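Below is one structure, written out as structure tokens; the observations come after it.
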Number of protein chains: 2
Amino acid sequence: MRQKASTVVTMADVARSAGVSTMTVSNVINGRPRVGAETKERVLAAIGELGYQVNLAARHLRAGRTGVVGLAVPELENPYFAQLAGRLADRFEAHDLRVVVERTGASREREMEAVAFSRLRMYDGLILSVVDIDPAELGQLRTDAPVVLIGERALPSRFDHVMMDNVDGARQATAHLLATGARRVAMLGGEPDGAANMPALRAEGYALAHAEAAVPVDPRLNIRSSFRLQDGYEGIRALLDRGIGFDAVFALNDVVAMGALRALADAGLRVPADVQVIGFDDIDEAAYLVPALSTVSPGHAEMADRITALLTAQITDGPTGEPQEIVVPARLVHRATTTPLS
Amino acid sequence: MRQKASTVVTMADVARSAGVSTMTVSNVINGRPRVGAETKERVLAAIGELGYQVNLAARHLRAGRTGVVGLAVPELENPYFAQLAGRLADRFEAHDLRVVVERTGASREREMEAVAFSRLRMYDGLILSVVDIDPAELGQLRTDAPVVLIGERALPSRFDHVMMDNVDGARQATAHLLATGARRVAMLGGEPDGAANMPALRAEGYALAHAEAAVPVDPRLNIRSSFRLQDGYEGIRALLDRGIGFDAVFALNDVVAMGALRALADAGLRVPADVQVIGFDDIDEAAYLVPALSTVSPGHAEMADRITALLTAQITDGPTGEPQEIVVPARLVHRATTTPLS
DNA sequence: CTGAAAGCGCTAACAT
DNA sequence: ATGTTAGCGCTTTCAG
């Protein structure tokens with residue numbers, strides 16, 4: 001399993017071939033000024049001939065930085081994360097930092113912690129979407145590497161942390177449903193494991209709105225599942241098959257809302273006349289569904305701006321004093337799957 | 001802008017604190033067998049106390065490998081790529097390789113080449129989705145690092161290359177439309193720059209089907225644009241506004257098809273009764289749209305399997321002799337936006 | 001303008 | 001069972 005060391009061209013090879021020192025080669029490659037024009041050409045020629053490429057591992061070891069920030073998300077396929085990744089990539093590009101995305105595999109907190117933190121040193125900074133992590137685990141991590149957490153509710157931690165207002169967003173969404181006459185609001189998506197994770201928070205907002213409107217919650221309307229399209233579809237089908245009536249659906253994210261819309265259409269139910277539907281996340285697709293999906297916008301731009309600002313600050317200035325904790329407000333987006341207020 | 005070297009804990013620090021050599025620390029960390037139980041504990045304790053974390057840059061420099069494979073795609077937000085990334089991550093995990101995804105920014109071939117190849121050495125292997133790259137540029141690259149190209153038509157290159165059958169998929173899709181009575185098939189999406197890029201190939205299949213069916217093509221039905229939802233929407237709107245009649249839409253990908261579906265619905269046109277619609281890519285969302293989108297499936301599983309096999313082979317066995325060129329067949333998926341064949 | 005020396009943090013190979 | 005030596009490929013001093 002050995003590498004064929006002979007095929008790897010090093011800087012020393014180039015230097016030898018061009019009859020200069022490695023230092024001069026280094027200078028040419030990095031476009032440093034004080035190199036003779038003719039020398040430069042000789043070096044460039046040698047590089048071309050030998051097909052030399054810098055060894056970034058060595059460069060990084062030396063430089064102590066990599067120029068890349070990692071973004072660790074539970075899953076790549078979820079449009080929310082894919083779109084977040086795009087927005088962050090845009091912003092970090094402006095700071096000459098490249099974003100690379102990796103997957104943690106969600107709920108499995110072990111894996112997440114392991115992956116994300118063992119690799120910390122590969123990155124100048126890490127943006128970690130915490131899904132289900134135990135605050136205690138976070139607490140034991142010894143590192144002053146630049147890290148920004150995104151996702152859940154306030155965590156006791158020494159890391160900067162930006163979150164969307166899950167509870168309030170869910171409250172607003174549910175309240176709108178209730179205010180426009182719904183009395184039996186199904187809640188769809190999210191695993192039923194306690195914890196302060198995202199589904200739990202959105203569920204909290206759902207409960208809150210019911211309490212405020214003094215509308216009782218029927219626990220049978222609580223359909224928990226994973227967050228795929230299929231889960232949204234099957235959740236609604238299950239409700240229908242079991243004959244459990246409902247006049248609105250609060251989907252814990254837009255993806256399951258999409259699945260729900262489909263199930264409703266298949267059942268011949270009209271949206272929003274028979275059943276209102278509202279999602280969460282405001283993914284790009286929401287506006288283009290038929291009918292267009294009402295949803296909760298978690299403030300995409302502000303979120304991305306905050307994350308970028310926080311992380312770049314840490315990277316350039318080193319560990320900051322107090323960890324910041326930023327809550328980006330959520331906003332209802334009314335489209336065609338809900339009935340307007342009055 | 002100096003790093004605070006004092007806060008970085010190295011293996012030597014741990015060794016000193018535990019009263020052993022760095023080698024012993026290394027052995028403990030890597031779980032190598034021949035370490036005394038009591039020594040091990042001392043080391044572990046020191047690690048915990050100091051909050052030591054391995055420096056992966058150094059490890060990689062030493063090991064000559066990183067355990068990560070890069071996936072460079074034009075854009076993260078496109079569900080096709082997001083879903084591809086997920087499938088690849090699954091498969092590479094089985095080989096103890098982690099996939100990290102980065103964005104090349106599509107069409108700008110310079111950037112793409114630059115990004116993808118300058119970083120080659122960071123990865124044990126690279127999967128590069130070539131969008132618009134000039135074969136000549138690829139040709140000049142000197143490297144025998146493991147690379148698998150995905151995307152377009154056959155390229156003269158020394159890299160393994162797996163592609164979907166763009167032309168045939170498009171031909172099948174268009175042929176179905178024509179066979180079920182459509183005579184004016186709008187083609188939607190894709191920049192109109194010549195080249196052997198994806199849009200051009202799918203356009204070729206479109207033309208081919210028309211030729212085979214002896215149906216003339218009205219160039220005004222060719223609406224080229226970018227590949228966002230909005231572009232699909234606006235493309236159809238433009239056709240409608242200009243009063244250019246059409247009875248079917250071949251969308252160059254599912255995302256623009258989604259936009260088109262929405263525009264059609266807004267205009268009160270029934271799908272497929274008034275206008276048939278077919279997309280390309282078979283993204284997960286397609287099956288859940290209302291109505292469910294007929295599309296061309298590019299053989300997702302086979303594609304991912306092939307890519308994984310090719311790249312892992314290169315990584316473990318070194319440069320192979322002949323570069324492989326694999327075309328994964330495309331298959332029509334009939335759902336609700338097209339009328340069935342007779 | 002160019003070069004020599006030293007060392008980033010780690011681990012394979014060889015002592016002990 | 002543990003330590004010593006050497007060096008991965010690069011770049012930062014500091015000398016020419």
Side-chain angles (χ1 to χ4, degrees), chain A residues 1-43 46-47 50 52-67 118-122 124 145, chain B residues 1-44 46-47 50-67 118-122 124 145:
Chain A
M1 217 51 69
R2 291 223 356 58
Q3 290 282 111
K4 295 167 69 182
S6 56
T7 70
V8 175
V9 181
T10 84
M11 216 156 169
D13 297 326
V14 175
R16 199 173 312 117
S17 160
V20 297
S21 79
T22 61
M23 208 43 242
T24 301
V25 177
S26 173
N27 286 335
V28 171
I29 285 169
N30 295 285
R32 280 185 274 257
R34 346 192 107 256
V35 181
E38 188 228 4
T39 313
K40 187 172 186 167
E41 262 179 40
R42 270 218 316 289
V43 172
I47 288 176
L50 274 49
Y52 168 77
Q53 294 190 234
V54 286
N55 179 326
L56 292 171
R59 219 228 260 308
H60 295 161
L61 172 58
R62 201 50 249 226
R65 61 184 303 279
T66 60
S118 77
R119 308 208 69 80
L120 239 173
R121 299 291 291 271
M122 286 252 54
D124 288 351
Chain B
M1 216 54 67
R2 293 224 351 63
Q3 288 282 112
K4 296 167 66 181
S6 56
T7 71
V8 175
V9 181
T10 83
M11 217 155 168
D13 297 326
V14 176
R16 199 172 312 117
S17 161
V20 298
S21 79
T22 61
M23 207 46 236
T24 302
V25 178
S26 172
N27 285 334
V28 171
I29 285 170
N30 295 285
R32 281 185 275 257
R34 345 194 106 257
V35 180
E38 188 229 5
T39 312
K40 186 172 186 167
E41 262 178 43
R42 271 218 316 289
V43 172
L44 256 13
I47 288 175
L50 275 48
Y52 168 77
Q53 294 189 234
V54 288
N55 180 325
L56 292 172
R59 220 228 263 302
H60 295 161
L61 172 58
R62 205 40 254 224
R65 60 184 302 277
T66 60
S118 78
R119 307 207 66 80
L120 239 172
R121 299 289 291 270
M122 284 253 54
D124 288 350

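Proteins come first, then strands; the chains are lettered A, B, ... in the order of their sequence lines, and each starts at number 1. Since the model is a prediction, treat every value here as computed from it, not as a measurement.
Regarding B:Met11, its CE atom lies at a distance of 13 Å from the C1' atom of D:dG3, rounded to whole Å. The nearest whole Å value for the distance from the CD atom in B:Glu38 to the C1' atom in D:dT2 is 13 Å. If you measure from atom CG of A:Leu61 to atom C1' of D:dT11, you get 10 Å, rounded to the nearest angstrom. The separation between A:Arg62 atom CZ and D:dG7 atom P is 18 Å, rounded to whole Å.
In terms of phosphate contacts, A:Arg59 brings a side-chain nitrogen or oxygen within less than 4.0 Å of OP1 or OP2 of D:dT11.
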Derivation and outcome, side-chain contact (heavy atoms from CB on, under 4.5 Å), residues B:Leu56 and B:Arg59: CA-CA 5 Å; B:Leu56 292 172; B:Arg59 220 228 263 302; 4.0 Å; yes
Under the side-chain contact (heavy atoms from CB on, under 4.5 Å) rule, what do B:Asn27 and B:Arg34 come out as? Steps first, then yes or no, please. CA-CA 8 Å; B:Asn27 285 334; B:Arg34 345 194 106 257; over 6 Å; no
Under the criterion side-chain contact (heavy atoms from CB on, under 4.5 Å), I'd like the reasoning laid out for B:Arg32 against B:Ser26: C-alpha separation, chi angles, the key distance, then a yes or no. CA-CA 8 Å; B:Arg32 281 185 275 257; B:Ser26 172; 2.7 Å; yes
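Between B:Arg16 atom CZ and B:Met11 atom CE the span is 13.0 Å, to the nearest 0.5 Å. One distance of note links CG of B:Asp13 with CG of B:Leu50; it measures 6.5 Å at 0.5 Å rounding. We find the CG-CG distance between A:Leu61 and A:Asn55 to be 9.5 Å, quoted to the nearest 0.5 Å. How far CE of A:Met122 is from CE of B:Met122: 3.5 Å, rounded to the nearest 0.5 Å. Note that the CD1 atom of A:Ile47 and the CD atom of A:Gln53 stand 11.0 Å from one another [nearest 0.5 Å].
Protein chain B contacts DNA chain C from C:dG9 to C:dA13, reading 5' to 3' and using non-hydrogen atoms of the protein with a distance under 4.0 Å.
Backbone-only engagement by B:Arg32 is indicated by non-hydrogen atom pairs under 4.0 Å involving sugar-phosphate atoms exclusively.
Here the closest heavy-atom approach between residue A:Arg42 and residue A:Ala18 is recorded as NE-O, 2.9 Å.
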Treat a base pair as Watson-Crick or G-U wobble with both distances under 3.5 Å, then lay out DNA chain D in dot-bracket form, 5' to 3', with | for cross-strand pairs. ||||||||||||||||
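Contacts between residues 13-29 of chain A and DNA chain D, counted as heavy-atom distances below 4.0 Å, involve A:Thr22, A:Met23, A:Ser26.
Residues A:Thr10 and A:Val14 have side chains not in contact (no heavy-atom distance under 4.5 Å, counting atoms from C-beta outward).
Using modelled atom types, no side-chain atom of B:Asp124 and backbone atom of B:Arg65 make a donor-acceptor pair closer than 3.5 Å.
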